[in-house]
Number of protein chains: 2
Amino acid sequence: MISLNHALDIPLYRQLSTQIMESVVRGELLAGDTLPSVRALAGDLGVNMHTVNKSYHELEAKGIIEIVPKKGAVIKAKEQKISTKRLEGLSDEFRPIVVEALINGMNQEEIYMLITNIISKVRED
Amino acid sequence: MISLNHALDIPLYRQLSTQIMESVVRGELLAGDTLPSVRALAGDLGVNMHTVNKSYHELEAKGIIEIVPKKGAVIKAKEQKISTKRLEGLSDEFRPIVVEALINGMNQEEIYMLITNIISKVRED
DNA sequence: GATTTGTTATAGTATATATAGAACAGATAA
DNA sequence: TTATCTGTTCTATATATACTATAACAAATC
């Protein structure tokens, strides 16, 4: 179930993208599955159609779904090997948070455990 | 040396905060050291005084520096144990990026290696 | 033929980011 | 003491982003 929180300082369209990605990671959404139409999902979530549309296009840019005009959004098969470019992008995103962890006194091992806990949580929910 | 990139979609004040935190992690800035005045640093970096001021207050909110009005910004001693609240905050920040890594085909071990590489880079620079 | 689809366009509001200039009061240095 | 520097506060402007709202279009579907 998807739930958006207007109180967070995380954009609604991004919250939606992340939750759809988590569903894919959990195996709830499989390659070939179709996402609801932008209007239908917007109605369910109580947000504007354009907000859902923005999320879908973000997911398409990440290579997670394929949007077929006049038809729908389909989950793509997971990639086997991560591209160097995407790996660099992830590194840039991880870096400032890793720095924050280090400055708060966490060592490498503790960061590993935090990552492990997060992966468990994602798979649980 | 601090360098801000106007082309990135990362706010200037946040780029500054992150780079100061990296200097602390590297041991270039030690507890008790004083940061340049907001006007002086703004002049060096070619940005507005308020931008530096916002960065300093962000660092103060994170517990990294202490701003003494009319005097300056001083690096605080590193905390020994991370608080539960801050750990939850870090978890929330890590989560969407971990999900992105997983969805791009990375497994736990590969994420570990990425973290290790990032830590090395931060300490090198 | 009617509905649904993603797309495109226009418009409005709110917030965030960054700049600019001015003024204040306290601390520091000459 | 005087002058300078400090962080703070205020007003103002410009731009970008986020979100909503409404409308219309053409193609696919029922």
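Predicted, not measured: the structure shown is a model, and the values here were computed from it. Chain naming here is simple, since letters A, B, ... match the order of the sequence lines and numbering starts at 1 in each.
- Only at 4.0 angstrom or more do the heavy atoms of residues 9-17 of chain B sit from any atom of DNA chain D, so none qualifies.
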Protein proximity profile, nucleotides 2-16 of chain D - base contact B, sugar-phosphate-only contact S, no contact -, cut-off 4.0 Å on heavy atoms: ----BBBBB------

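- Under the side chain to side chain contact (heavy atoms under 4.5 Å, CB included) criterion, A:Pro96 pairs with B:Thr18, sequence neighbours left out.
- The overall bend of the helix from C:dG1-D:dC30 to C:dC24-D:dG7, read as the angle between its terminal helix axes built from five base pairs each, is 30° when rounded to 10 degrees.
- For A:Ser91, the side chain to side chain contact (heavy atoms under 4.5 Å, CB included) partners at least two apart in sequence or on another chain are B:Leu114, B:Ile118, B:Lys121.
- With B:Gln19 contributing its side chain and B:Ser3 its backbone, the two residues share a donor-acceptor pair below 3.5 Å.
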Would you give me the side-chain donor-acceptor pairs under 3.5 Å for residues 25-32 of chain B, sequence neighbours excluded?
{"residue": "B:Arg26", "atom": "NE", "partner": "B:Val122", "partner atom": "O", "Å": "2.9"}
{"residue": "B:Arg26", "atom": "NE", "partner": "B:Asp125", "partner atom": "O", "Å": "2.8"}
{"residue": "B:Arg26", "atom": "NH1", "partner": "B:Glu28", "partner atom": "OE1", "Å": "3.2"}
{"residue": "B:Arg26", "atom": "NH1", "partner": "B:Glu28", "partner atom": "OE2", "Å": "3.1"}
{"residue": "B:Arg26", "atom": "NH2", "partner": "B:Glu22", "partner atom": "OE1", "Å": "3.3"}

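- Within the structure, side-chain hydrogen bond (donor to acceptor under 3.5 Å, both in side chains) pairs that include any residue of residues 35-46 of chain A do not occur (at least two apart or interchain).
- Residues B:Pro36 and B:Leu41 approach most closely at CB-CB, 4.1 Å, considering heavy atoms.
- Taking the side chain to side chain contact (heavy atoms under 4.5 Å, CB included) definition, one finds that B:Glu109 meets it with B:Asn107, B:Tyr112, sequence neighbours left out.
- In terms of phosphate contacts, A:Thr51 brings no side-chain nitrogen or oxygen within less than 4.0 Å of OP1 or OP2 of D:dA18.
- In this view, B:Ser17 and B:Ser55, B:Glu58 satisfy the side chain to side chain donor-acceptor pair (under 3.5 Å) rule, not counting sequence neighbours.
- By the 4.5 Å side-chain criterion applied to Ile, Leu, Val, Met, Phe, Trp and Tyr, A:Ile10 is assigned to a cluster that also includes A:Leu8.
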Using a 3.5 Å cut-off and no angle test, enumerate the donor-acceptor pairs between side-chain atoms of residues 60-67 of chain B and protein atoms at least two apart in sequence or in another chain.
{"residue": "B:Glu60", "atom": "OE2", "partner": "B:Ile67", "partner atom": "N", "Å": "3.2"}
{"residue": "B:Lys62", "atom": "NZ", "partner": "A:Glu100", "partner atom": "OE1", "Å": "3.3"}
{"residue": "B:Lys62", "atom": "NZ", "partner": "A:Glu100", "partner atom": "OE2", "Å": "3.1"}

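- The NZ-C1' distance, from B:Lys54 to C:dT19, rounds to 12 Å in whole Å.
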